Each structure stands twice: as structure tokens, then as C-alpha cells.
Amino acid sequence: MYCSYPYKIMKSLEFLLFILSFTVSVYCTWTDVNKNIVPNKILFYGFILSILTQIVYCYFMPFEYISHWIIVMVIADFIAILMYFFDMWAAGDSKLFCYLYFCVPCRLIDLGSMRSAVVPYIFIFLPALIWILTDSIYHTVKHSKSYVSPVKLTDFIKNWILIFINTTAFYFLMLFLFTDFIEHNGLFCSTLTMIYVYICNRLKFTSSVSFVIFNIIILSLLFSIGGVYININFLNNILIVMLVFLFQRWAGQYNYRDIKTSEVKKGMILSSGTILSFRNSRVKGLPEDFSEKISSRLTQNQVEAVHRWENSSKGKSEVTIVRKIPFAIFISSGFILWLIVLRCY
């Protein structure tokens with residue numbers, strides 16, 4: 001198929017893109033693990049070199065490959081931006097994802113399918129899920145300190161039913177509006193469903209009465225026009241809702257760690273309980289955001305204020321922080337593994 005193109009040049013450019021993505025990935029992983037940051041500078045230089053390489057590479061490719069690559073990449077990057085917007089990972093993680101996807105040669109993207117927009121997330125989140133699962137099992141067996149108060153069974157069932165209603169309405173609305181697309185891209189739909197479940201768990205308004213009634217009305221309207229029916233994809237999504245909800249509840253109790261106040265560093269996230277303990281302190285510059293979101297990461301000035309607070313009359317020798325997952329390592333390893341699979345098959 002590619003005999004009319006300078007195949008050796010294309011393969012060399014693909015190898016160069018792989019080297020660029022690998023180099024940037026290793027550096028960003030190191031800085032994320034050691035400094036809790038994905039540096040913009042290395043991403044900027046990486047983008048410049050990759051843009052030049054892709055321009056030359058795309059010169060030898062048919063337009064249908066280039067256009068499909070752009071569409072799939074935009075969808076994948078949009079999901080990455082949504083994940084940052086809903087506080088599922090940091091801005092640097094989204095930038096790293098966008099850069100690594102830009103380095104994917106368009107020849108390796110499946111034509112006629114949106115599968116390549118979500119497959120990278122599987123390679124990223126599956127290892128992350130295994131890591132969280134292993135870590136949670138370790139802390140459960142070890143009987144580590146739980147930082148989450150026990151939840152009543154009735155409240156647990158109530159929350160699950162609310163998320164089930166919201167997710168079901170979301171699924172059937174997607175199926176009604178984009179029937180052909182959803183039926184031929186079940187993996188894409190399942191990924192969106194997982195993200196939506198996570199959003200429902202994070203945003204308070206999704207459990208409000210008005211929002212649930214709105215979703216019930218949508219389901220009723222869809223049912224009246226025949227837009228609600230049971231299929232294998234729907235059953236798969238219900239299973240996803242159950243597993244994601246249960247897993248988040250279980251693993252969430254080990255998302256915290258006690259450390260010495262003197263060990264607090266820039267980029268860490270303090271627990272809401274720790275932030276509330278600053279309320280009566282006269283020390284200036286202490287952090288006030290107790291949302292525990294990524295946007296509440298400590299600045300250097302706030303770190304210095306926390307260190308001063310330790311030596312004040314109301315200070316404490318220990319504080320509780322939110323255990324941050326260094327997503328750069330999962331994004332990097334996931335993309336590299338995906339590229340290897342694409343090149344092999």
C-alpha cells in the first residue's frame with residue numbers, strides 16, 4: 001500500500017517521533033515523581049521538534065489518514081482537557097497527554113473508527129487501576145488507618161441509585177442522538193460512561209433532586225418514543241457503574257497520609273481537616289482552599305507559612321496530605337506501550 005511513498009524516510013520519521021515522545025516522557029515522569037510537576041518548558045521544546053517532524057511526515061501521507069488522525073486526536077485531547085476540568089488529573093498531565101498523542105504517526109491510527117481516541121486511556125488507566133487496587137489491598141491487609149467515616153448502608157444504596165439513574169439517562173440519550181456511532185464504538189461509549197460516573201461522584205449538583213428529576217424526565221421521554229431498550233452495551237455500562245462506584249468508595253479511604261509538618265513541600269495537597277485547623281491561627285499566608293482538588297496544591301509561599309504555623313502556639317508536628325498519584329508515569333508508560341502495540345500489529 002505504501003510502495004509509492006519513500007517508505008524508509010517515513011519509518012525514520014516514525015522512529016524519531018518515538019524517540020522524542022520517549023525522551024519527553026522519561027523527563028516528565030522524573031519531575032512529576034520528584035517535584036510534583038510536569039514542566040512546560042520541556043513540553044514546549046518537544047512540541048516544536050515534533051511539529052517539524054510531523055510536517056515532513058504528513059507530506060508523504062494520504063489526506064484521508066491525516067484528516068482522520070486530526071479528528072481522533074482532537075476527540076482524545078478534548079477528553080484529556082475534560083479530565084483536567086473535572087479535577088481527575090492535573091493540567092500538566094493533560095498537556096503531556098496532548099503532546100504524546102501528537103507524536104503518534106497517523107499511519108498507525110485505524111481508519112473509519114473512533115477507537116483510537118479512547119484506547120490510550122485504557123493503556124493509561126489499567127496500570128493505574130492495578131496500582132491503586134494493589135495499594136488498597138495492601139493497606140486493607142495491613143489494617144492501615146482509614147481516613148473516611150463509615151457510610152450507612154441506606155446512604156450507600158441511595159447514592160448508588162442516584163448515580164445509576166443519572167448514568168442510565170446519559171447512556172440512552174447518547175444512544176438516541178448518536179445511534180450508529182455508539183453501536184459501532186462501544187468502547188468509546190464505555191469510556192465516556194466511566195468518566196461520567198466519576199464526574200457524578202465528584203460534583204455535588206449531580207445528586208440534587210432537581211438534577212435527578214431532570215434525568216427521570218429524559219428517561220421517560222425516551223421510553224415513550226422507543227428510545228430505551230436493553231442491549232449488551234447497556235448491561236456492560238451498568239456493570240461499569242457498579243464497579244467504579246464500589247471501587248471509589250473502597251479505595252478512597254486510603255487516599256491520605258500523615259507526614260511531619262516540616263516535610264510539607266510545594267505541590268502537595270493538604271486534607272480538608274488540616275486546612276480547617278488553620279482557621280484560628282494568626283499566621284499569615286496559610287492555605288484556605290479545603291476542596292482537596294488539584295487546583296489546591298500548595299505554593300512555595302504557602303509551604304513557608306505552614307512551616308511557620310508548626311512553631312506557633314496552635315501548630316502541630318504532623319499534618320494530613322492527600323496522596324497524589326504521579327499520573328505522568330502512567331501516561332508515559334501507557335502511550336509507549338500503545339505505540340509498541342500499534343507498530344507490531
Side-chain angles (χ1 to χ4, degrees), residues 67-68 70-89 94 97-98 101 109-122 124-126 129 155-249 293:
S67 59
H68 184 68
I70 292 174
I71 293 172
V72 173
M73 179 172 59
V74 168
I75 294 174
D77 291 350
F78 180 71
I79 295 175
I81 295 171
L82 281 180
M83 292 176 65
Y84 162 67
F85 181 77
F86 289 109
D87 207 48
M88 296 175 69
W89 60 22
S94 292
F97 179 94
C98 293
Y101 207 107
I109 302 298
D110 293 333
L111 284 177
S113 172
M114 294 293 108
R115 181 172 54 188
S116 295
V118 297
V119 170
Y121 290 101
I122 297 176
I124 291 169
F125 280 97
L126 186 58
L129 183 65
D155 292 337
F156 180 84
I157 295 175
K158 174 186 173 183
N159 291 333
W160 187 88
I161 291 175
L162 292 177
I163 292 179
F164 171 76
I165 293 173
N166 296 339
T167 308
T168 302
F170 174 76
Y171 171 79
F172 282 117
L173 183 61
M174 282 200 306
L175 186 62
F176 177 75
L177 296 176
F178 313 103
T179 305
D180 292 336
F181 177 82
I182 296 299
E183 288 182 349
H184 292 87
N185 294 275
L187 183 62
F188 184 82
C189 180
S190 297
T191 303
L192 287 182
T193 303
M194 289 181 66
I195 295 174
Y196 189 73
V197 172
Y198 188 90
I199 292 173
C200 287
N201 268 331
R202 298 284 292 184
L203 302 182
K204 292 182 178 180
F205 79 88
T206 58
S207 59
S208 63
V209 176
S210 57
F211 188 75
V212 175
I213 291 176
F214 173 75
N215 282 301
I216 292 175
I217 292 173
I218 290 179
L219 280 173
S220 301
L221 292 174
L222 291 174
F223 183 79
S224 64
I225 60 177
V228 176
Y229 55 92
I230 307 300
N231 57 20
I232 188 64
N233 286 333
F234 172 72
L235 296 177
N236 288 336
N237 280 279
I238 296 304
L239 180 61
I240 289 172
V241 173
M242 293 177 63
L243 293 178
V244 171
F245 185 77
L246 289 171
F247 181 76
Q248 280 190 320
R249 291 290 179 176
K293 294 182 178 180

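None of these values were measured; they are calculated from a predicted model. Starting from 1, each residue takes its place in the sequence as its number.
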Would you say Phe125 has more than 12 foreign heavy atoms packed within less than 6.0 Å of its CZ? yes
Just grab all the side-chain hydrogen bond (donor to acceptor under 3.5 Å, both in side chains) pairs involving residues 211-220, residues at least two apart or on different chains. Asn166-Asn215
With sequence neighbours excluded, tell me which residues meet side-chain contact (heavy atoms from CB on, under 4.5 Å) with Ser208. Ser210, Phe211
CD1/Ile81 to OG/Ser94 distance, rounded to the nearest 0.5 angstrom? 7.0 Å
Of all heavy-atom pairs between Asp110 and Arg115, which one has the smallest distance, and what is that distance? OD2-NH2, 2.6 Å
Residues in side-chain contact (heavy atoms from CB on, under 4.5 Å) contact with Ile70, at least two apart in sequence or another chain: Ile66, Val74
Contact summary for Ala117 and Ala76, nearest pair of heavy atoms: O-CB, 3.5 Å
Can you find a heavy atom in the side chain of Ile218 that is under 4.5 Å from one in the side chain of Phe172? no
Between Tyr121 and Phe97, ring centroids under 6.0 Å: yes
Who passes side chain to side chain donor-acceptor pair (under 3.5 Å) against Ser116, sequence neighbours left out? none
What's the separation between atom OH in Tyr101 and atom CD1 in Ile109, rounded to the nearest 0.5 Å? 4.0 Å
